[in-house]
Amino acid sequence: MKSQLVQGSDCIRENSNSNGSMIILNSTPTLNEIIDHVASNSSLITVLHRSDDSMFLNNQNQNKIVEKEDDFLVEEKIPIISKRQWARIIMIYMAVFSDALAITLITPFLSEILVSRWKVQESHVGYFSGVLIGIYSLARFISGFTLGHLSDKYGRKPFLVLSLLATGCGTVLFPLLPNVYLALFFRFLEGILSNTMALCQATLADMVDKKNRPVVFAYMGSVFALSRCLSSAIGGFSVKIAGNSTNPYLLPCIFGGSFVLLSGLLILVFHPETHPKLAKKSITEEIVEPTLNVEQKEYSFFEGLKLITKNRTVLHLMVMGSLNSFANGGLLLGITLFASLKRPEKGLGFNSFKIGILFTVFGLVGFAFQLLFFKRLSKSLGLKKQYLMGMILLSTSMLLYPVIYTGYLIQGEAIVWVFSIFVVIIMGIGWMQAMSILQGMVANASDPKIQGLTQGSYQSLNSLLRALGPMVSGSIFSLSINWSAPFILFIVLAQFYLACGKISTSLTESVDVLKKKDESQSGKL
């Protein structure tokens with residue numbers, strides 16, 4: 001049955017017959033007048049969109065449509081997540097926060113610990129810094145496929161707890177190791193047992209419907225960014241506080257590792273299993289949009305991989321995520337290496353405390369921007385354009401970052417800090433419009449039956465490129481110092497971000513789940 005919205009000289013009234021229902025309006029009806037009239041006739045309605053004189057109403061009780069024959073936009077109602085579900089989502093955010101805390105905690109003092117504790121020659125610091133960061137991501141690449149598949153088979157919770165346990169213990173032990181080679185071994189072992197981000201993404205995908213996923217995943221990205229900035233700040237500030245001790249690097253690692261272990265304990269005790277096939281009935285009933293029919297067959301590891309390879313959208317997103325991760329790995333290391341490089345070598349000459357300030361600004365700006373503007377941008381621009389904007393900002397910040405050194409030539413350290421904050425703000429905003437958007441897209445594009453394997457595969461490929469990123473970037477930076485051209489690395493990274501932006505333009509429109517669709521896209525109702 002269909003209702004037509006027409007205009008007449010009389011007041012609002014509704015005429016019904018066997019062919020449909022007609023609402024008669026005066027020449028200039030207001031939105032409230034129409035709502036009051038329909039509601040007074042026991043018709044529960046939802047206003048979907050109004051553009052100029054166009055009106056679109058949905059009669060939920062009788063499943064009737066009220067519309068004007070002009071062009072209009074359709075805005076689907078987004079399901080509401082319950083408070084209990086939000087409490088569980090926050091626990092997952094805490095796991096993400098603690099994992100990011102542990103990963104980046106060592107970044108501000110990595111150069112110092114290599115030289116002062118492990119006696120690495122300064123000319124080799126860039127190389128070993130890249131390898132220490134990269135080997136962790138390489139290990140996650142190796143284990144990600146398996147952990148993701150096992151979480152599809154046995155549940156998310158046990159492997160998430162294992163991942164947090166490995167990360168927490170590895171973080172505490174890191175500054176106690178006697179040499180860099182043993183540090184490399186333990187970082188690799190930690191990465192093999194840990195893939196927190198992929199498991200958290202699969203858990204959130206189990207819990208949240210497609211319409212809510214972009215925002216929930218974006219908030220997860222902001223939590224990740226906040227953790228990165230705080231971890232870097234904690235790393236830099238704690239080393240300064242404990243500067244007179246025999247091992248000043250122990251304090252931040254104990255703090256970070258303990259927080260990760262606490263997060264794992266909370267997941268173990270309070271968070272339920274969310275895999276639709278394995279979760280308790282009381283849990284699945286609370287899930288906004290169950291993603292798996294428990295009667296469906298289980299897929300083997302290779303059957304699941306075959307399904308992934310047939311999904312062109314997921315493959316497309318995996319390529320983008322991998323290239324983006326490569327550049328991100330190089331960016332984080334590049335910030336530290338260039339900032340700690342001595343002034344005579346055209347670096348900033350910052351100590352770990354000052355580097356911590358840079359990372360704090362970087363993370364806080366990204367966190368605030370994500371909370372305040374992400375939802376508005378995603379609805380107005382769409383996820384594709386928003387991601388492209390992020391790539392443009394990141395490439396711009398990479399080209400500007402080595403130019404900060406010229407501040408010393410202009411006036412001195414004051415102008416260097418002005419330039420630094422300006423560039424880091426651009427970098428932080430761009431960063432938050434990148435990976436968090438891709439993560440939500442992958443969750444929505446994935447086959448629900450293999451969500452864990454898809455997330456694990458996506459994170460594994462990201463980890464591989466994230467491992468190569470610091471390794472290659474560290475080597476490029478070390479070579480560029482010999483040529484007195486430390487800016488070369490940042491030109492290379494800018495090209496990677498531009499390439500990601502170019503590839504994103506060929507994504508299908510279906511990835512923009514929050515973008516309003518016009519009548520031609522959504523079909524006749």
How far apart are the closest heavy atoms of [X] and [Y], and which atoms are they?
| X | Y | value |
| --- | --- | --- |
| Leu101 | Gly256 | CD2-CA, 3.7 Å |
| Ala183 | Leu177 | CA-CD1, 3.4 Å |
| Leu110 | Ile113 | O-CG2, 3.2 Å |
| Gly170 | Glu190 | CA-OE1, 3.5 Å |
| Met441 | Leu383 | CE-CB, 3.4 Å |
| Ala445 | Leu317 | CB-CD1, 4.4 Å |

Discussion item. Ser475: which residues meet the side chain to side chain donor-acceptor pair (under 3.5 Å) condition with it, sequence neighbours left out?
Written reply: none
Under the side chain to side chain contact (heavy atoms under 4.5 Å, CB included) test, which residues partner [X], sequence neighbours left out?
| X | value |
| --- | --- |
| Lys342 | Glu122, Pro344, Glu345 |
| Val472 | Phe326, Ile476 |
| Ser98 | Leu164, Phe259, Val260, Ser263 |
| Ala368 | none |

Do [X] and [Y] have side-chain heavy atoms sitting under 4.5 Å apart?
| X | Y | answer |
| --- | --- | --- |
| Lys346 | Phe487 | no |
| Phe367 | Met432 | no |
| Met320 | Tyr387 | yes |
| Leu489 | Ser480 | no |
| Asp447 | Ile308 | no |
| His124 | Val180 | no |
| Phe359 | Thr336 | yes |
| Leu160 | Cys200 | yes |

State the [atom1]-[atom2] distance between [X] and [Y], to the nearest 0.5 angstrom.
| X | Y | atom1 | atom2 | value |
| --- | --- | --- | --- | --- |
| Asn462 | Met435 | CG | CE | 4.0 Å |
| Phe350 | Ile357 | CZ | CD1 | 8.5 Å |
| Thr505 | Lys384 | OG1 | NZ | 7.0 Å |
| Phe145 | Thr454 | CZ | OG1 | 11.0 Å |
| Leu393 | Phe369 | CG | CZ | 8.0 Å |

Practice prompt. May I ask you to check whether Tyr249 and Ser116 show a side-chain donor-acceptor distance below 3.5 Å?
Written response: yes
Worksheet entry | Donor-acceptor side-chain pairing of Gln459 and Gln455 below 3.5 angstrom | no
Fill in: Qualifying salt bridge (charged side-chain N to carboxylate O under 4.0 Å, His left out) pairs with a residue from residues 129-147, counting only residues at least two apart or across chains
Asp99-Arg140
Item to complete: Sort and list the pairs that fulfil salt bridge (charged side-chain N to carboxylate O under 4.0 Å, His left out) and have at least one residue in residues 323-337, not counting sequence neighbours.
Response: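 Every candidate salt bridge (charged side-chain N to carboxylate O under 4.0 Å, His left out) pair involving residues 323-337 fails, so no pair, neighbours aside, qualifies.
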Worksheet entry | Listed once per pair and sorted, the side-chain hydrogen bond (donor to acceptor under 3.5 Å, both in side chains) pairs that draw on residues 155-167, sequence neighbours left out |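 For residues 155-167: Ser151-Arg156, Asp152-Arg156, Arg156-Asp206, Ser163-Ser194, Ser163-Thr196, Thr167-Ser194.
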Response to the item:
Applying ring pair (Phe, Tyr, Trp, His ring centres under 6.0 Å) to Phe301 and not counting sequence neighbours gives His149
Fill in: Phe255 atom CZ: more than 12 heavy-atom contacts under 6.0 Å
no
I'd like a table of donor-acceptor pairs (distance under 3.5 Å, sequence neighbours excluded) in which one partner is a side-chain atom from residues 419-431, with atom names and distances.
| from | atom 1 | to | atom 2 | distance (Å) |
| --- | --- | --- | --- | --- |
| Ser420 | OG | Val416 | O | 2.7 |

Determine whether a donor-acceptor pair (N or O, by modelled atom type, separation under 3.5 Å) exists between the side chain of [X] and the backbone of [Y].
| X | Y | value |
| --- | --- | --- |
| Asn247 | Leu176 | no |
| Arg213 | Val208 | yes |
| Tyr127 | Ser478 | no |
| Gln370 | Ala218 | yes |
| Ser227 | Val223 | no |
| Ser380 | Leu377 | yes |

Worksheet item: Which pairs with one or both residues in residues 157-185 pass ring pair (Phe, Tyr, Trp, His ring centres under 6.0 Å), sequence neighbours excluded?
Response: Trp118-Phe174
Response to the item:
Glu413 meets the salt bridge (Lys or Arg N to Asp or Glu O under 4.0 Å) criterion, sequence neighbours left out, with Arg343, Lys354
